[in-house]
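Position 1 is the first residue of the sequence; numbering continues from there.
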Amino acid sequence: ILSQKNCHSELSRLPRRFTMPLEIRELNGSGWTEWMSTSIEVPDDYPEPAARLGGRSGDDKIRVTPGAGKIFVQISHLKDGKRCAETLHALFTKASQPELVTVGLLEQNSSGDLPCLKHFCILMGEKPNVGKEPVCKHTDQIHFMGVFATSAKGPIWARSMIRKLMGDEEFCMQVDSHSDVLTGWDDSLVRQWEASGNENAILSHSPPPASHEAFNPTNVPLTCNLGWTEENLPSNGEDGAEHRGSSVPVLVHMWSPRFSFQKCHADRAAPYDPFLVGVSAPEGFTRYTRWFTRGYDVYSPAESVVFHKYDGNQQQGWSRPAVPREESVRRIKTLLQIQPGGDASEDVQANLGAYGLGRRRTLDQLIKFSGIDMRRHKTFDEKCLEKKWVPYDPSISLMEPLYGNPSDRDPEPEYWRRKELGISEVITGGGRDVVTNLSVFSKSLKNFLPAKGLPRPSLKHATPRARGIRTQDLKDNLPFVEGLVIIWVLGLLCWSIMFVRNGKVQRGSGGGPPRSARKFRKQDRASKVEESISGKNA
């Protein structure tokens with residue numbers, strides 16, 4: 001059933017300022033209410049998408065900009081190799097243009113666990129190389145990073161590591177390692193994103209089950225319910241509503257890490273926070289808050305394309321050390337200004353840097369828009385629809401943090417494979433002036449970022465702080481490690497010159513040869529005296 005192509009609806013860019021009819025139903029206890037007719041209004045002041053210069057079928061291949069049309073799929077798994085391989089197999093075999101799909105895979109396994117790529121090659125009908133890295137069709141499009149399962153620090157930390165595998169793709173997609181997709185999923189998602197009419201659109205919801213009984217691509221879940229943990233942290237609840245009949249994505253007030261599709265500049269503007277370890281529940285709302293304050297908007301898709309396998313491995317084997325987890329909880333409360341527990345001082349907020357709030361929208365605007373008051377950890381508006389787009393000043397950069405002048409700002413993330421496309425990629429195809437201004441940094445940003453955006457970092461002239469010595473990434477720490485190795489080698493060389501020469505032990509600086517050498521010399525001297533006496537006697 002998941003292979004049917006005729007399920008796709010015809011999506012097209014609709015005129016600005018229009019009212020669109022659709023139907024919605026809500027979960028009431030254990031049953032659904034009847035479908036209710038409603039409507040949503042699409043405003044005309046969205047930041048219009050930049051004109052895309054080719055990249056997919058039917059486009060002018062000669063005018064393709066770097067990365068246009070390519071999709072970077074982010075997947076992390078913990079001891080879930082079999083289902084991970086099934087997800088990879090579905091992504092490549094059901095894509096309309098698999099050559100434009102690349103995958104960033106973070107694998108967290110123990111010895112004896114099934115490697116995802118090895119089983120993927122088996123599913124592709126090829127026998128993987130024995131004792132070597134699996135090589136088969138599409139493995140050259142999969143960028144892999146492996147971590148021991150004992151080092152796993154939670155899903156937020158794991159997904160933050162995948163940024164190192166991101167190249168110059170145009171779109172970024174995130175799914176769980178146990179997902180399925182509709183045939184033609186890539187073209188469908190690009191069409192739906194374009195139908196939103198918003199350069200800063202993010203398609204996301206908690207995907208419906210992948211079971212055949214529940215499969216219906218036209219009944220789309222709405223992620224709009226929020227709960228609270230015992231520590232007063234926001235946590236995505238179960239979907240309590242769904243919609244159908246929409247010809248464009250529907251604006252919502254929450255984001256789900258189980259499925260997300262957006263331009264890759266969104267991942268650069270609000271990257272995953274690698275300092276949030278040992279926690280998982282606040283993942284969705286914390287990142288949505290950072291995106292919202294930077295001018296990004298989340299939409300429920302017009303039709304379901306990704307489906308989730310809710311049975312099987314729950315991937316709960318990662319560690320939860322008490323002290324780092326307490327620091328993560330405090331960091332989340334500081335970001336969302338939750339009291340008690342958070343630090344409301346501007347200096348601490350400024351030190352969050354790229355992992356803090358943006359300046360385009362305020363936290364108060366988010367509370368009013370979403371009906372969720374995170375400061376008092378309560379929800380006062382449970383309506384899933386009737387959301388009106390919140391405008392902002394486009395002259396403010398989407399990268400500009402809420403607070404400036406940090407005293408000890410967290411290191412900025414680095415993207416080693418992303419060489420050509422940065423934040424300024426949103427203007428590669430033209431578009432309105434409001435889009436062009438996205439790459440123009442205001443004067444207040446001069447203390448935070450280079451004037452031309454975020455180029456690929458160079459270590460040649462970087463200071464130790466700019467090199468990211470404080471980060472948890474091995475690659476960021478390589479300059480420091482290399483320095484220690486060089487010092488160690490030079491010390492060993494000096495020791496060799498001073499103490500060892502031609503295989504003989506030399507006199508040390510402490511005065512006198514070793515005891516063993518003195519003993520042999522004393523015996524030598526005694527034997528010479530005896531020889532001398534015997535000679536005289538003779």
T87 (side chain) donor-acceptor with S179 (main chain) under 3.5 angstrom: yes

side-chain hydrogen bond (donor to acceptor under 3.5 Å, both in side chains) partner of D267, chosen from R418, Q262, Q174: Q262

Which pair of non-hydrogen atoms, one from A354 and one from R294, has the smallest distance, and what is that distance? O-NH2, 3.5 Å

Heavy-atom pair with the smallest gap, counting every atom of A269 and L398: CB-CD1, 3.5 Å

Is the side chain of R325 donor-acceptor paired with the backbone N or O of G278 at a distance under 3.5 Å, no angle test? yes

Any ion pair linking E231 and R330 (charged N to carboxylate O, less than 4.0 Å)? no

Just how far is it from atom SG of C264 to atom CD1 of I71, taken to the nearest 0.5 Å? 9.5 Å

So does H77 get a backbone contact from the side chain of D80, meaning a donor-acceptor N/O pair under 3.5 Å? no

Residue pair D176 / P257: nearest heavy atoms and the distance that separates them: OD1-O, 4.3 Å

Has Q339 got a side-chain atom pairing as donor or acceptor with G342's backbone, closer than 3.5 angstrom? yes

May I ask you to establish whether R287 and Y272 are in a cation-pi arrangement, using a distance under 6.0 Å from NZ or CZ to the six-membered ring centre and at most 45° from the ring axis? yes

Straight-line distance of E107 CD to C84 SG, nearest 0.5 Å: 6.5 Å

Kindly indicate, with the supporting measurements, whether the criterion side chain to side chain donor-acceptor pair (under 3.5 Å) is fulfilled by Y299 and N198. CA-CA 10 Å; Y299 298 81; N198 187 343; 3.0 Å; yes

Apply the test side chain to side chain donor-acceptor pair (under 3.5 Å) to residues S76 and Q108: give CA-CA distance (whole Å), side-chain angles for both, the deciding distance (0.1 Å), then the verdict. CA-CA 8 Å; S76 65; Q108 303 165 102; 5.1 Å; no

Please assess W255 against T223 for the test side chain to side chain donor-acceptor pair (under 3.5 Å), listing each intermediate value before the final yes or no. CA-CA 7 Å; W255 175 80; T223 301; over 6 Å; no

Rounded to the nearest 0.5 Å, what separates atom CE in M161 from atom CD in Q74? 12.5 Å

CD1 of I162 to CD1 of I75: how many Å apart, nearest 0.5 Å? 8.0 Å

Nearest 0.5 Å, please: how far is OG1 in T102 from CD in E169? 3.5 Å

Hey, could you give me the CD1/CG distance between I332 and N232, rounded to the nearest 0.5 Å? 12.5 Å

Taking C-beta and beyond as the side chain, do P209 and F307 meet within less than 4.5 Å on heavy atoms? no

Are the aromatic ring centres of F285 and H253 under 6.0 angstrom apart? no

Between L276 and W157, is a side-chain contact (heavy atoms from CB on, under 4.5 Å) present by the stated rule, with each step listed? CA-CA 6 Å; L276 295 181; W157 175 86; over 6 Å; no

Contact summary for A152 and L78, nearest pair of heavy atoms: CB-CD1, 4.1 Å

Under 3.5 Å, side chain of S300 to main-chain N/O of P221, donor-acceptor pair present? yes

Full working for side-chain contact (heavy atoms from CB on, under 4.5 Å) between S177 and R83: CA-CA 6 Å; S177 59; R83 295 195 299 175; 5.7 Å; no

Could you check whether any side-chain N or O of S204 sits under 3.5 Å from a backbone N or O of S260, counting only pairs where one atom can act as donor and the other as acceptor? no

Evaluate the side-chain proximity of S160 to D273: yes if any heavy-atom separation is below 4.5 Å, no if none is. no

Using modelled atom types only, decide if a donor and an acceptor are shared between the side chain of N351 and the backbone of D408 within a distance under 3.5 Å. yes

The side chain to side chain contact (heavy atoms under 4.5 Å, CB included) partners of D373 (sequence neighbours excluded) come to I367, R375, R376, K378, F380

Which is it for D343 and T334 under the side chain to side chain donor-acceptor pair (under 3.5 Å) test, yes or no, and what are the steps along the way? CA-CA 5 Å; D343 192 331; T334 296; 5.7 Å; no

Can you tell me if W291 uses its side chain to pair, donor with acceptor, with the backbone of A266 under 3.5 Å? yes

Would the distance check show the side chain of D180 and the main-chain N or O of A210 forming a donor-acceptor pair, the cut-off being under 3.5 Å? no

So, do M254 and V298 sit near enough that their side-chain heavy atoms are less than 4.5 Å apart? no

Check the pair R331, L335 against side-chain contact (heavy atoms from CB on, under 4.5 Å), reporting the backbone distance first and the verdict last. CA-CA 6 Å; R331 187 177 178 88; L335 170 73; over 6 Å; no

Lys/Arg-Asp/Glu bridge criterion (N-O < 4.0 Å) met for D186, K70: no

Step-by-step side-chain contact (heavy atoms from CB on, under 4.5 Å) determination, S188 to Q192: CA-CA 6 Å; S188 174; Q192 292 192 62; 3.3 Å; yes

Determine the sole option in K164, R417, M166 for which the side-chain contact (heavy atoms from CB on, under 4.5 Å) test with H143 is passed. R417

Distance alone, cut at 3.5 Å: any donor-acceptor contact between the side chains of H265 and E199? yes

Using the ring-ring contact (aromatic ring centres under 6.0 Å, His included) rule, pick out the option among F72, W193, F171 that qualifies with F261. F171

Verdict with reasoning, E414 to R163, per salt bridge (charged side-chain N to carboxylate O under 4.0 Å, His left out): CA-CA 8 Å; E414 297 171 344; R163 60 179 168 78; over 6 Å; no

Pairing of E400 and R359 as salt bridge, 4.0 angstrom limit: yes

4.5 Å side-chain heavy-atom contact, V175 and V73: yes

Considering only heavy atoms from C-beta outward, does the side chain of Q141 approach that of V103 to under 4.5 Å? no

Main-chain N/O of E283 paired to T286 side chain as donor or acceptor, under 3.5 Å: yes

What is the minimum heavy-atom distance between V277 and P274, and which atoms define it? CG1-O, 3.8 Å

Taken in chain and number order and not counting sequence neighbours, the residues that satisfy side chain to side chain contact (heavy atoms under 4.5 Å, CB included) with V390 are F292, R361, Q365, F369

Can you find a side-chain donor-acceptor pair between D364 and T362 that sits under 3.5 Å? no

Answer whether the closest heavy-atom distance between the side chains of M173 and V306 falls below 4.5 Å. yes

Taking the side chain as every heavy atom from C-beta outward, state whether D410 and F275 have any atom pair closer than 4.5 Å. yes

Nearest heavy atoms of F259 and P301, plus distance in Å: CE2-CG, 3.9 Å

Taking the six-membered ring of Y415 as reference, does the cationic atom of R268 (NZ for Lys, CZ for Arg) lie under 6.0 Å from its centre and within 45° of its axis? yes

For the residue pair Y288 and L366, establish whether any side-chain heavy-atom pair is separated by less than 4.5 Å. yes

